[in-house]
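Some notes on the structure that comes next.
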Amino acid sequence: MIEFQNVSKRYPNGFEALKDINLKIEQGEFVAVIGLSGAGKSTLIRTINRMHDITEGTLTVDGTNVMELQGKSLRIFRRKIGMIFQSFNLITRTTVIKNVLTAFVPELPWWRAFLGVFKKEEKIAALEALDKMGILDKAFVRADQLSGGQQQRVALARTLAQNPQIILADEPVASLDPVTARQVMDDFKRINQDMNITVIINIHHVELALQYASRVIGIREGTIVYDGPSAQVTQQVLDSIYQGKREEAAV
Ligand code: ADP
């Protein structure tokens with residue numbers, strides 16, 4: 001379980017991006033975080049794996065106080081949490097399989113990472129992850145030869161190879177066309193349901209959020225203004241989240 005207790009986040013320039021957040025997310029939930037650009041969605045999800053440090057309150061994941069982790073314990077903790085970005089973050093000039101194998105790099109002795117020497121089990125795990133994402137046939141293709149949707153699947157396979165408990169996704173479908181965006185959302189749903197991995201997605205497509213997530217968290221100016229089932233999100237709720245400025249939020 002992920003738990004925020006009175007969490008605030010102030011950036012070094014003094015700007016308070018999160019204000020007194022209280023939240024509990026159980027293992028296996030599919031949560032969409034919605035709100036206007038600049039509302040604090042990305043900051044919220046990036047505090048969970050300590051890409052950003054909180055500045056007040058307590059944030060725990062399975063009882064571990066995230067702010068107390070450092071060095072090796074932080075590296076081990078981060079392995080439980082996959083991260084997916086809008087821009088896929090692949091090494092585009094190398095093969096798909098090598099991209100997935102980078103999931104194992106943090107645990108390798110330096111010389112194996114340096115030489116790119118991977119064990120048979122690691123190679124099998126990487127191929128299995130590609131198979132789960134339906135792109136095993138692309139294993140030996142260079143990543144930059146793939147479409148955007150396929151590249152996001154490779155990123156998901158790399159995350160799955162890490163055997164994560166939680167996947168955080170920061171605008172994962174924002175650079176994809178509407179049809180491909182739905183296919184990638186289907187992938188998230190399948191991963192969530194079949195593997196009981198908690199999925200937390202920061203997304204500006206409201207329709208996709210409501211269709212795929214079971215729970216929606218609406219943020220406005222660093223404050224949670226809605227937290228509940230996606231089925232209960234009304235126009236009034238959307239108005240309070242988007243303050244009537246929804247043009248950029250439309251699908
Ligand atoms: P969203 O994901 O909802 O678009 P963000 O979490 O990226 O919003 O940003 C929330 C607010 O925090 C914005 O006003 C943004 O300008 C500000 N912000 C983000 N990163 C920094 C930073 N490194 N330093 C100062 N302010 C920041």
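The two residues Thr95 and Ala139 have their closest heavy-atom pair at CB-O, 3.9 Å. Heavy atoms only, all atoms of each residue included: Thr43 and His52 are closest at CA-CD2, 4.1 Å. Annotation for Ala169 and Pro172: closest pair CB-CG, 3.7 Å, computed over non-hydrogen atoms. In this structure, Ala103 and Arg158 approach most closely via the heavy-atom pair CB-O, 3.3 Å. The shortest heavy-atom contact between Ile97 and Ala126 is CD1-CB, 3.7 Å. What you find for Ala157 and Leu130 is that their closest heavy atoms are CB-CD2, 3.8 Å.
The pair Arg182-Glu207 meets the salt-bridge criterion, since a charged nitrogen lies less than 4.0 angstrom from a carboxylate oxygen. Checked for salt-bridge contact, Arg190 and Asp187 meet the test: a charged N lies under 4.0 Å from a carboxylate O.
The closest side-chain heavy-atom distance from Val154 to Phe88 is not below 4.5 Å. Annotation: side chain of Leu146 is not in contact with side chain of Arg153 (no heavy-atom distance under 4.5 Å). The closest side-chain heavy-atom distance from Asp20 to Asn6 is below 4.5 Å. Under the 4.5 Å side-chain criterion, counting only non-hydrogen atoms from C-beta, Phe188 is in contact with Ile84. Using a 4.5 Å cut-off on side-chain heavy atoms (C-beta onward), Ile197 and Leu160 make contact. A heavy-atom distance below 4.5 Å is not found between the side chains of Tyr212 and Ile203. A 4.5 Å side-chain heavy-atom check between Met83 and Met51 finds at least one atom pair inside the cut-off. Proximity of Leu238 to Ile34: side-chain heavy atoms (C-beta onward) are separated by under 4.5 Å at one or more points.
Lys24 places no side-chain N or O within donor-acceptor distance of the main-chain N or O of Gln5, the cut-off being under 3.5 Å. Judged purely by atom type and a 3.5 angstrom limit, Thr55 uses its side chain to pair as donor or acceptor with the backbone of Arg10. The backbone N or O of Arg79 lies less than 3.5 Å from a partner atom in the side chain of Gln162, making a donor-acceptor pair. Checking side-chain atoms of Thr198 against main-chain N and O of Gly28 turns up a donor-acceptor pair under 3.5 Å. Remark: side-chain polar atoms of Ser230 are not paired, donor with acceptor, to backbone N or O of Val216 under 3.5 angstrom. Remark: side-chain polar atoms of Arg50 are paired, donor with acceptor, to backbone N or O of Leu69 under 3.5 angstrom. Side-chain atoms of Asn99 come within 3.5 Å of backbone N or O of Ile91 as a donor-acceptor pair. In this structure, Gln145 contributes its side chain and Arg142 its backbone to no donor-acceptor pair below 3.5 Å. Remark: the backbone N or O of Pro229 is not paired with any side-chain donor or acceptor of Gln232 at under 3.5 angstrom. A donor-acceptor distance shorter than 3.5 angstrom exists from the side chain of Arg78 to the backbone of Asn49, with no hydrogens or angles considered.
Here the straight-line distance linking atom CD of Glu16 with atom OG of Ser8 works out to 4.5 Å at 0.5 Å rounding. Expressed to the nearest 0.5 Å, how far NZ of Lys9 lies from CG of Leu18 amounts to 8.5 Å. If you take CG on Asp131 and CG on Asp137, they are separated by 9.5 Å, rounding to the nearest 0.5 Å. Atom CD1 of Ile219 and atom OG1 of Thr223 lie 8.5 Å apart (nearest 0.5 Å). Summarising the geometry, atom CD1 belonging to Ile25 is positioned 5.5 Å from atom CD1 belonging to Ile48; distances are rounded to the nearest 0.5 Å. Leu23 CG to Ile2 CD1: the interatomic distance, rounded to the nearest 0.5 Å, is 8.5 Å.
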*Take Met67 and Leu59 through the test side chain to side chain contact (heavy atoms under 4.5 Å, CB included) and record every step on the way to the result.*
CA-CA 7 Å; Met67 289 302 291; Leu59 171 57; 5.7 Å; no
*Should Leu127 and Ile124 be marked as a side chain to side chain contact (heavy atoms under 4.5 Å, CB included) after you check the CA-CA gap, both sets of side-chain angles, and the distance that decides it?*
CA-CA 5 Å; Leu127 291 169; Ile124 291 171; 5.6 Å; no
*When you look at Gln165 and Asp62, which way does the side chain to side chain donor-acceptor pair (under 3.5 Å) test go after all the steps?*
CA-CA 11 Å; Gln165 208 175 306; Asp62 294 336; 2.5 Å; yes
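Ile224 and Tyr242 sit in two unconnected hydrophobic clusters of ILVMFWY residues. Membership requires side-chain heavy atoms under 4.5 Å apart, directly or through other members. Under the 4.5 Å side-chain heavy-atom criterion for ILVMFWY residues, no single connected hydrophobic cluster contains both Val31 and Val206. Using a 4.5 Å cut-off between side-chain heavy atoms of Ile, Leu, Val, Met, Phe, Trp and Tyr, with links allowed through other members, Phe30 and Tyr226 fall into the same hydrophobic cluster. Using a 4.5 Å cut-off between side-chain heavy atoms of Ile, Leu, Val, Met, Phe, Trp and Tyr, with links allowed through other members, Val179 and Met185 fall into different hydrophobic clusters. When hydrophobic clusters are built by joining Ile, Leu, Val, Met, Phe, Trp and Tyr residues whose side-chain heavy atoms come closer than 4.5 Å, directly or via intermediates, Met133 is grouped together with Phe140.
Counting heavy atoms of neighbouring residues, nucleotides and ligands inside a 6.0 Å radius, atom NZ of Lys98 does not exceed 12 of them.
Shown are Arg46, Gln86, Lys41; of these, the side chain to side chain donor-acceptor pair (under 3.5 Å) with Asp170 is made only by Arg46.
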